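Input: a single structure, listed below in structure tokens.
All heavy atoms count here, side chains included; hydrogens, waters and symmetry mates do not. Values in this document were obtained by computation on a predicted structure and should not be read as measured data.
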Amino acid sequence: MTDLVAMWEVSLSDGIHKIEFEHGTTSGKRVVYVDGKEIIRKDWMFKLVGKETFPVGASQTKATINIDAVSGFAYEYTLDINGKSLKKYMENRSKTTNTWVLHLDGEDCRVVLEKDTMDVWCNGRNMETAGEFVDDGTETHFSIGNHDCCIKAVSSGKRREGIIHTLIVDDREIPESTE
């Protein structure tokens with residue numbers, strides 16, 4: 001990776017993915033790596049600016065690297081996820097997902113709730129869940145190994161805050177991650 005010009009980390013429901021981009025400004029070479037695996041390789045391209053689009057993660061999320069000339073032989077590289085800048089995508093994602101990181105049975109577990117679909121992911125796996133209505137909201141039950149897990153959804157009572165989601169593992173509340 002001698003022509004590495006950009007690197008991004010993208011947080012998706014199935015995990016945090018590392019995207020690396022090589023751009024040979026003399027040869028026109030373009031190489032895209034996702035999690036260390038080569039996804040795209042183009043050698044000897046005469047057009048040095050443009051876009052490279054590729055899928056990321058289990059859900060095949062659309063990612064696009066934009067290559068723009070800034071001045072002379074200087075280039076700017078930006079990453080779009082699902083048509084939005086990485087910054088906008090991450091801001092929107094923090095509104096549509098909840099993430100918890102916890103330590104179970106000697107390993108780190110990253111649990112993600114997609115609020116729009118109520119899908120639950122743990123370390124890249126879409127978990128099998130069972131939802132039920134309870135007096136004060138809903139509970140989504142699933143298991144991680146031998147551990148009973150539940151995500152409680154309760155109204156905050158405040159319109160601006162909306163619904164509060166809490167992860168409970170083995171009757172213990174897990175604090176939300178700020179990733």
Side-chain angles (χ1 to χ4, degrees), residues 6-21 32-37 39-40 52-65 78-179:
M7 196 274 289
W8 300 271
E9 286 192 344
V10 180
S11 183
L12 299 177
S13 294
D14 68 336
I16 298 170
H17 299 279
K18 184 176 176 182
I19 297 172
E20 296 168 296
F21 182 58
V32 176
Y33 298 91
V34 176
D35 298 328
K37 186 174 166 227
I39 301 297
I40 295 174
E52 292 299 337
T53 300
F54 52 95
V56 178
S59 57
Q60 299 286 289
T61 302
K62 181 180 152 193
T64 303
I65 295 173
T78 55
L79 180 68
D80 291 346
I81 304 291
N82 280 343
K84 294 184 180 92
S85 72
L86 180 59
K87 184 177 190 273
K88 275 268 181 252
Y89 175 79
M90 295 312 285
E91 284 169 3
N92 186 52
R93 186 167 166 73
S94 70
K95 294 174 191 156
T96 60
T97 63
N98 285 80
T99 303
W100 298 269
V101 176
L102 61 149
H103 202 70
L104 281 181
D105 300 330
E107 72 173 73
D108 287 329
C109 294
R110 181 175 176 272
V111 176
V112 178
L113 168 68
E114 293 181 354
K115 295 181 203 176
D116 52 352
T117 60
M118 292 305 285
D119 281 349
V120 176
W121 293 76
C122 179
N123 292 350
R125 284 192 12 249
N126 194 335
M127 305 301 284
E128 196 170 303
T129 61
E132 69 174 315
F133 290 99
V134 293
D135 288 342
D136 55 354
T138 64
E139 292 183 354
T140 303
H141 297 272
F142 60 100
S143 296
I144 301 173
N146 297 328
H147 301 276
D148 292 327
C149 307
C150 172
I151 296 175
K152 287 175 87 64
V154 180
S155 173
S156 65
K158 296 181 187 115
R159 196 175 163 160
R160 280 216 174 280
E161 286 180 33
I163 296 171
I164 297 170
H165 295 88
T166 308
L167 174 64
I168 298 164
V169 177
D170 297 333
D171 299 320
R172 186 173 55 100
E173 189 173 315
I174 308 298
E176 191 173 346
S177 173
T178 55
E179 80 169 43

So how far is it from [X] [atom1] to [Y] [atom2], rounded to the nearest 0.5 Å?
{"X": "Asn82", "Y": "Lys62", "atom1": "CG", "atom2": "NZ", "answer": "8.0 Å"}
{"X": "Thr166", "Y": "Ile168", "atom1": "OG1", "atom2": "CD1", "answer": "6.0 Å"}
{"X": "Ile19", "Y": "Leu86", "atom1": "CD1", "atom2": "CG", "answer": "8.0 Å"}
{"X": "Thr64", "Y": "Phe54", "atom1": "OG1", "atom2": "CZ", "answer": "7.5 Å"}
{"X": "Ser143", "Y": "Met127", "atom1": "OG", "atom2": "CE", "answer": "7.0 Å"}
{"X": "Thr97", "Y": "Leu113", "atom1": "OG1", "atom2": "CG", "answer": "8.0 Å"}

What's the verdict on side-chain contact (heavy atoms from CB on, under 4.5 Å) for Thr129 and Met118, showing C-alpha distance, side-chain angles and the deciding distance?
-> CA-CA 9 Å; Thr129 61; Met118 292 305 285; over 6 Å; no
Give a yes or no on whether Asn146 atom CG has more than 12 heavy-atom contacts from other residues, nucleotides or ligands under 6.0 Å away.
-> no
Count the heavy atoms of every other residue, nucleotide or ligand shown that sit under 6.0 Å from CG of Asp171, and state whether that count exceeds 12.
-> no
Please name all residues satisfying side chain to side chain contact (heavy atoms under 4.5 Å, CB included) with Lys158, sequence neighbours left out, ordered by chain then number.
-> Ser156, Glu161
side-chain contact (heavy atoms from CB on, under 4.5 Å) between Leu79 and Val10, intermediate numbers included = CA-CA 10 Å; Leu79 180 68; Val10 180; 3.7 Å; yes
Ignoring hydrogens and geometry, is there a side-chain-to-backbone donor-acceptor pair from [X] to [Y] under 3.5 Å?
{"X": "Lys115", "Y": "Asn98", "value": "no"}
{"X": "Gln60", "Y": "Gly57", "value": "yes"}
{"X": "Asn126", "Y": "Trp121", "value": "no"}
{"X": "Asn123", "Y": "Arg110", "value": "yes"}

Begin from the C-alpha positions of Ile81 and Met90 and carry the test side-chain contact (heavy atoms from CB on, under 4.5 Å) through to its verdict.
-> CA-CA 9 Å; Ile81 304 291; Met90 295 312 285; over 6 Å; no
Compare all side-chain heavy atoms of Ile163 with those of Thr138 and state whether any distance is below 4.5 angstrom.
-> no
Taking C-beta and beyond as the side chain, do Asp105 and His147 meet within less than 4.5 Å on heavy atoms?
-> yes
Carefully, step by step, assess Lys18 and Glu9 under the rule salt bridge (Lys or Arg N to Asp or Glu O under 4.0 Å).
-> CA-CA 5 Å; Lys18 184 176 176 182; Glu9 286 192 344; over 6 Å; no
Going through the checks in order, is the salt bridge (Lys or Arg N to Asp or Glu O under 4.0 Å) test met by Lys87 and Glu91?
-> CA-CA 6 Å; Lys87 184 177 190 273; Glu91 284 169 3; 3.1 Å; yes
Closest heavy-atom pair and its distance - [X], [Y]:
{"X": "Asp80", "Y": "Ser85", "answer": "OD1-CA, 3.5 Å"}
{"X": "Cys109", "Y": "Leu104", "answer": "SG-CB, 4.0 Å"}
{"X": "Asp35", "Y": "Ile16", "answer": "OD1-O, 4.1 Å"}
{"X": "Arg93", "Y": "Ser11", "answer": "NE-O, 2.8 Å"}

Take Val169 and Trp100, measure what side-chain contact (heavy atoms from CB on, under 4.5 Å) needs, and give me the verdict at the end.
-> CA-CA 11 Å; Val169 177; Trp100 298 269; over 6 Å; no
